[in-house]
Participant: 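Submitted below is the structure of interest, expressed as structure tokens.
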Amino acid sequence: MALLNDSTKRGSAELSILLVLEHQPLHGYEIARRIERESDGVLRFTLASLYPLLYRMEKRGWAKAAWETTESGVRRRCYSLTSAGLKQLSAARREWSTFFRAIERLGGLSRA
Amino acid sequence: MHDWRAIVATRLRPLGLDAETEADIQTELAAHLEDVFAAARRQGCSDQEAMARAFDRVPDWTDLTRSIATAKRKPVKILSVDAQTLWVPGMASLCGAVVVGLGSIWLAPPTLWLEPRAAWTLGPLLIGAYVGLGALGAAWSRHAGGSPARRCLAGVFPLTLHLAIVVQAIGAVGGTDIHAHPGAIGINLQLGMVLRFIVAPGMALAIGTLPFLKETSQPEGAGSPTPRFR
């Protein structure tokens with residue numbers, strides 16, 4: 001699948017992370033892996049796009065992080081959504097739905 | 001077996017954060033790269049190919065350093081939280097009240113103040129202005145992240161000026177006219193002053209704050225970031 005251009009992806013990274021964290025806590029690699037896999041490779045994170053975003057979400061109180069040690073002794077920092085993060089996800093869902101409905105009404109998506 | 005912690009430590013520039021936070025970030029990034037490497041090896045990549053795939057996740061270490069440092073850095077606050085959420089919005093509302101008061105004295109014709117029905121002319125205008133000032137203080141405080149209590153206090157802040165004036169006036173009336181006026185008139189005068197200069201403007205200010213006392217759905221100033229995808 002062709003990669004989307006930067007302007008189309010702008011702002012969607014935050015929503016992507018909120019979506020994959022909705023049901024369970026995940027560490028950075030797993031967040032990036034799931035987003036890439038479930039978007040068929042359209043959405044891919046570098047470390048420079050993923051971690052600053054996670055740190056900002058943590059700072060805003062949308063996500064909280066906790067260190068966990070795996071059975072093999074490797075430390076992982078797992079992120080989970082707070083109630084503020086869940087509220088933000090709900091708001092983001094509404095905004096994106098409104099946006100895509102507006103584009104659809106213009107006939108922009110059905111002809112793609 | 002690669003030492004990913006050392007690899008990250010040598011490439012990531014100092015972030016200007018405390019040592020523990022920097023160490024945690026290095027550990028977190030190293031774990032991520034190690035996972036990418038391990039996944040590539042499981043898929044049959046050679047050691048060199050797996051390393052390349054891991055490093056592919058960090059096209060620019062300087063950019064990574066800068067992005068993380070910016071995200072982690074605490075915002076420099078010139079004003080304290082109290083000043084941002086209470087004193088500044090409250091003073092703005094108070095200054096507005098001073099402007100409204102002086103403006104009404106300067107702009108209204110002097111004869112209007114002698115007119116018994118002046119209250120009917122100026123009253124609604126002043127009350128309306130005070131509703132606006134209450135809204136100004138509360139909205140400003142909410143924008144700065146103030147709690148509902150602080151928003152309310154910022155909105156009704158101009159009452160401090162009214163209280164100062166009324167207390168002085170009541171003191172003057174009570175001290176000088178105790179024999180010249182019957183007690184009942186003095187009490188009525190003081191009651192009238194309290195009603196006109198404290199209760200009425202106080203209620204107007206409080207009404208103005210009401211729309212801004214509800215919690216917002218998300219923190220103020222939290223805009224959507226613009227991450228760089230590959």
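Every chain is numbered from 1 and lettered A, B, ... according to where its sequence line falls, protein lines coming before strand lines.
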Participant: Nearest 0.5 angstrom please: B:D60 CG to A:T46 OG1, how far?
Facilitator: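 With rounding to 0.5 Å, CG (B:D60) is 9.5 Å from OG1 (A:T46).
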
Participant: Taking atom CD of B:Q48 as the centre, report whether more than 12 heavy atoms of other residues, nucleotides or ligands fall under 6.0 Å from it.
Facilitator: no

Participant: What distance separates A:Y55 OH from B:T70 OG1, expressed to the nearest 0.5 Å?
Facilitator: 13.0 Å

Participant: If the threshold is 4.0 Å, N to carboxylate O, is there a salt bridge linking B:D35 and A:R76?
Facilitator: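 Answer for the salt bridge query: yes.
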
Participant: Check each atom of A:R75 against the heavy atoms of chain B and say whether the ones under 4.5 Å are side chain, backbone, both or neither.
Facilitator: both

Participant: Can you tell me if A:R33 uses its side chain to pair, donor with acceptor, with the backbone of B:V36 under 3.5 Å?
Facilitator: no

Participant: Roughly how far, to the nearest 0.5 Å, is CH2 of B:W61 from CG of A:L47?
Facilitator: 7.0 Å

Participant: Please look at A:A92 and chain B and tell me whether the side chain, the backbone, both or neither of the residue comes under 4.5 angstrom of a heavy atom of that chain.
Facilitator: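 Contact with chain B involves no heavy atom of A:A92 at all.
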
Participant: Nearest 0.5 Å please: distance from the CG atom of A:L50 over to the CD1 atom of B:I68.
Facilitator: 9.5 Å

Participant: Is there side-chain contact between B:D24 and A:W67, with heavy atoms separated by less than 4.5 Å?
Facilitator: yes

Participant: What's the separation between atom CD in B:E28 and atom CG in A:L54, rounded to the nearest 0.5 Å?
Facilitator: 7.0 Å

Participant: Write down the atom of A:K59, the atom of B:A71, and the distance for their closest heavy-atom approach.
Facilitator: NZ-O, 2.7 Å

Participant: Is it the backbone or the side chain of B:L33 that comes under 4.5 Å from a heavy atom of chain A, or both, or neither?
Facilitator: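 Answer is side chain: those atoms of B:L33 sit under 4.5 Å from chain A.
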
Participant: What do you reckon, is CE of B:M91 surrounded by more than 12 foreign heavy atoms closer than 6.0 Å?
Facilitator: no

Participant: Apply side-chain contact (heavy atoms from CB on, under 4.5 Å) to A:Y51 and B:H32, showing your working.
Facilitator: CA-CA 10 Å; A:Y51 286 96; B:H32 189 124; 2.6 Å; yes

Participant: Can you check whether A:R77 reaches B:T27 side chain to side chain, under 4.5 Å on heavy atoms?
Facilitator: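 The answer is no, as the side chains (C-beta and beyond) never meet within the 4.5 Å cut-off.
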
